[in-house]
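Written below as structure tokens is the structure these notes are about.
Note that this is a predicted model, so its numbers are computed, not measured. Heavy-atom basis, side chains included; hydrogens, waters and symmetry copies ignored. The sequence lines fix the lettering, A, B, ..., with proteins before strands; numbering per chain opens at 1.
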Amino acid sequence: MHPLYLYNTLSRRKEEFSPLVPGKVGMYTCGPTVYQYATIGNMRSYVFADVLRRVLEYNGLSVKMVMNITDVGHLVSDADEGEDKMLVAVGREKKTPWEIARYYTGAFMKDAALLNIKRPSVVSPATEHIEEMLEMVVELVEKGYAYETGDGIYYDISKFPSYGQLSGTRLEEQLAGARVQENPDKKHHADFALWKKAPKEHIMQWESPWGMGYPGWHIECSAMARKYLGDRFDIHTGGVDHIPIHHENEIAQSQSCTGEVPARFWMHGEFLLVDGGKMSKSLGNTYTVDDLVAKGFEPLAFRYFCFSAHYRSHLNFTWPALESAQSGLRSLRTIIQKSSKDPAKAGAQEKAERFRASFLEAVNDDLNMPRAVAVLWDAAKADLGPWLARLADDFDRVLALDLLKGATREDKVLALSELPPEALAILEERRLAREAKDWVKSDRLREELKAMGFAVKDTKGGYEVTRIPRQD
RNA sequence: GGCGCCAUUGCCAAGCGGUAAGGCAAGGGUCUGCAAAACCCUUAUCCCCGGUUCGAGUCCGGGUCUCGCCUCCA
């Protein structure tokens with residue numbers, strides 16, 4: 001057994017992981033906002049969390065994974081100003097917030113499923129936890145960590161000296177109001193809303209001890225993690241962008257209630273870049289899983305692509321890079337499939353065991369997927385015969401690339417019954433031309449089939465027809 | 001302006017002090033009427049300058065470049 005090492009943002013180093021309760025891991029993942037489609041950048045982050053969960057399970061641990069769905073408008077910047085994203089969606093789509101949340105939650109679930117992201121043990125919307133959030137806010141007020149202003153309840157950062165421990169930022173060094181409008185009622189510019197008082201017309205609001213209102217956008221994670229995982233649990237994940245504000249605030253809130261930093265390990269996935277630059281919803285240069293599919297890619301090619309870089313590194317998305325991933329994944333599957341028909345060779349099992357050990361070592365080294373995939377490739381070329389499929393099946397518990405699926409749609413040799421009659425006619429004509437050694441005609445007919453979207457490959461006894469992947 | 005990350009072959013990328021994994025692409029070859037597939041072979045000394053060390057892509061110092069964060073964002 002290789003020990004499992006994970007990088008902890010809190011300590012800025014890799015630490016050996018062992019769960020609080022032997023054999024069981026509690027893990028929280030900051031989930032998606034559901035007022036627009038998730039981008040592939042978002043999805044990279046959930047692939048990362050999924051891999052982490054799978055690696056924990058691969059190590060024999062049982063994992064309770066909790067994910068929130070942010071369905072209540074994040075309004076607000078840290079200064080609690082700005083537009084409400086849900087409100088924007090409501091205006092754009094002429095639907096109720098609830099309809100929008102349901103729609104985009106569904107879209108997210110579908111994308112996750114396409115990427116073989118396992119469903120978390122608990123995945124639940126923030127609005128189902130208003131009560132738990134209010135309880136925490138009340139507790140914070142009672143304990144003196146929060147104060148009321150004209151427009152809400154704010155966390156008082158001056159009561160939490162260790163603020164900034166995760167990001168290494170020092171409050172004094174930050175320029176107050178450098179780029180955001182200062183809220184004059186706040187005692188400190190970094191104080192953040194726990195609860196906001198709602199104007200009458202506000203789209204989503206609930207009763208509270210302070211009248212109608214809605215939650216601040218950090219409290220949902222604190223409340224949900226506490227409810228499902230307890231005051232102290234093993235791992236909390238999210239994107240790197242969460243480090244400086246969201247997770248700092250979460251720690252401040254939770255620790256003020258419970259006396260402890262809620263999670264022992266904080267892990268963060270790096271951003272996906274597009275053409276060397278930032279991808280973000282606000283820049284509008286985003287792609288969705290649907291966009292990839294529309295270009296003829298398999299969603300799992302994107303998952304494989306995610307494994308080409310370590311989760312703590314930037315990964316640069318380009319279409320050629322995705323093609324490279326798709327090719328790689330395809331040939332991997334082909335090799336595995338072929339290999340299973342080969343006779344077993346002496347020593348193959350022992351070799352497979354060694355590959356398994358290397359694979360475990362790679363994934364246990366802070367989820368080093370590029371190395372793990374390299375181990376798979378080494379194994380694929382090691383002449384393992386039927387043992388390769390067994391090994392790949394085992395690796396797939398972590399990789400989840402459907403390695404044993406065999407041919408993809410494009411690779412699959414089509415039965416004659418699957419072909420349109422026109423294509424069959426041309427094929428028959430071509431067969432005759434080849435018998436007559438009329439190569440010019442034969443090649444011309446192949447071109448015709450190509451235009452119809454079919455590729456013909458001549459074999460000993462005849463030919464095979466496959467679909468040509470869509471090109472754009 | 002402040003803070004941080006990166007810099008490895010045509011592209012993506014691993015590497016955590018001992019003489020550069022893996023993938024994609026490309027080239028050569030075998031096979032094929034041709035093509036495709038498959039198989040075999042080939043392709044880097046690690047941004048620059050100093051330093052530490054028997055030995056550095058790998059540590060330290062100084063540059064340069066890139067990207068990111070400091071504002072909603074995975």
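Pair assignment for B:rA21 gives none, since no Watson-Crick or G-U wobble pairing has each distance under 3.5 Å. When Watson-Crick and G-U wobble pairs are counted only if both distances are under 3.5 Å, B:rG1 pairs with B:rC70. Searching all strands for a Watson-Crick or G-U wobble partner of B:rC31 with both distances below 3.5 Å returns nothing. For B:rA36, there is no paired base (Watson-Crick or G-U wobble, both distances below 3.5 Å). Of all nucleotides present, only B:rU42 satisfies the Watson-Crick or G-U wobble test against B:rA26, with each distance under 3.5 Å. The partner of B:rC47, taking Watson-Crick or G-U wobble pairs whose two distances both stay under 3.5 Å, is B:rG63.
Separation of the C1' atoms belonging to B:rU58 and B:rU45 is 13 Å when rounded to the nearest angstrom. Going from the P atom of B:rU19 to that of B:rA25 covers 31 Å, rounded to whole Å. Nucleotides B:rU42 and B:rC47 are separated by 26 Å at their P atoms, to the nearest Å. B:rA14 and B:rG51 have their C1' atoms separated by 28 Å, with the value rounded to a whole Å. Nucleotides B:rA26 and B:rU64 place their C1' atoms 31 Å apart, quoted to the nearest Å. Between B:rG57 and B:rA7, the two P atoms lie 15 Å apart (nearest whole Å). As rounded to the nearest Å, B:rG18 and B:rG23 have C1' atoms that lie 27 Å from one another. B:rU43 and B:rG2 have their P atoms separated by 47 Å, with the value rounded to a whole Å.
Comparing B:rA74, B:rC12, B:rA14 against the side chain of A:Leu272 picks out B:rA74 as the nearest. Closest approach to the A:Leu273 side chain among B:rA74, B:rG22, B:rC67 is made by B:rC67 (side chain taken as heavy atoms from C-beta onward). Minimum atom distance to the side chain of A:Ala374 is reached by B:rA21, of the listed B:rC12, B:rA21, B:rG23.
In terms of the ring pair (Phe, Tyr, Trp, His ring centres under 6.0 Å) criterion, residue partners of A:His268 (sequence neighbours excluded) are, by chain and number, A:His247. Residues passing the ring pair (Phe, Tyr, Trp, His ring centres under 6.0 Å) test with A:Phe359 are A:Tyr58, A:Phe395, sequence neighbours excluded. Under the salt bridge (Lys or Arg N to Asp or Glu O under 4.0 Å) criterion, A:Asp396 pairs with no residue at all, not counting sequence neighbours. Checked against side chain to side chain donor-acceptor pair (under 3.5 Å), A:Tyr104 has the following partners two or more places apart in sequence or in another chain: A:Glu93. Here A:Lys450 pairs with nothing under the salt bridge (Lys or Arg N to Asp or Glu O under 4.0 Å) rule; sequence neighbours left out. For A:Glu435, the side chain to side chain donor-acceptor pair (under 3.5 Å) criterion is met by A:Arg431, not counting sequence neighbours.
Contact annotation for A:Gly41: base contact, defined as any heavy-atom pair under 4.0 Å involving a base atom. When heavy atoms are screened at a 4.0 angstrom cut-off, A:His268 is found touching no nucleic acid atom at all. Using a 4.0 Å heavy-atom distance criterion, A:Phe305 is classed as making no nucleic acid contact. Residue-level contact check: A:Pro370 touches the bases, meaning some heavy atom is under 4.0 Å from a base atom.
Nearest-nucleotide positions on RNA chain B for A:Asn316 and A:Trp377 put A:Asn316 closer to the 5' end. If A:Lys14 and A:Gly239 are placed on RNA chain B by their nearest nucleotide, the residue sitting closer to the 5' end is A:Lys14.
A straight line from OH of A:Tyr311 to P of B:rA13 spans 17 Å, rounded to a whole angstrom. Summarising the geometry, the separation between CE on A:Met279 and P on B:rA74 is reported as 12 Å, rounded to the nearest angstrom. Spacing between atom NE2 of A:His310 and atom C1' of B:rA21 amounts to 16 Å, rounded to whole angstrom units. Between A:Ile245 atom CD1 and B:rA74 atom P the separation is 13 Å, expressed in whole Å. One interatomic measurement links the two molecules: CG of A:Leu367 to C1' of B:rG15, which rounds to 17 Å at whole-angstrom precision. One atom, NE2 of A:His247, and another, C1' of B:rC73, lie 13 Å apart when rounded to the nearest Å. Here the P atom of nucleotide B:rC12 and the CD atom of A:Glu323 are 15 Å apart, to the nearest Å.
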Do nucleotides 25-42 of chain B as a string where each nucleotide becomes B, S or -: B if the base has a protein heavy atom under 4.0 Å, S if just the sugar-phosphate does, - if no protein is that close.
-> --------BBBB-S----

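Checked by atom type, the side-chain pair A:Tyr37/A:Tyr103 shows a donor-acceptor distance below 3.5 Å.
For B:rC73, the base has a donor-acceptor partner in the side chain of A:Lys278 [N/O atoms by modelled type, under 3.5 angstrom].
A salt bridge (Lys or Arg N to Asp or Glu O under 4.0 Å) check over residues 301-313 of chain A, counting only residues at least two apart or in different chains, returns the pairs A:Asp50-A:Arg303, A:Arg312-A:Asp366.
For the pair A:Lys351 and A:Trp387, the NZ or CZ position fails the cation-pi test of under 6.0 Å to the six-membered ring centre and within 45 degrees of the ring normal.
A 4.5 Å side-chain heavy-atom check between A:Leu166 and A:Glu250 finds every atom pair outside the cut-off.
Taking the centre of each ring, A:Tyr228 and A:Tyr28 stay at or above the 6.0 Å mark.
The stretch residues 116-127 of chain A has no heavy atom under 4.0 angstrom from RNA chain B at all.
Taking the six-membered ring for Trp and thresholds of 30 and 60 degrees, A:Tyr311 and A:Phe48 have nearly parallel ring planes, at less than 30 degrees apart.
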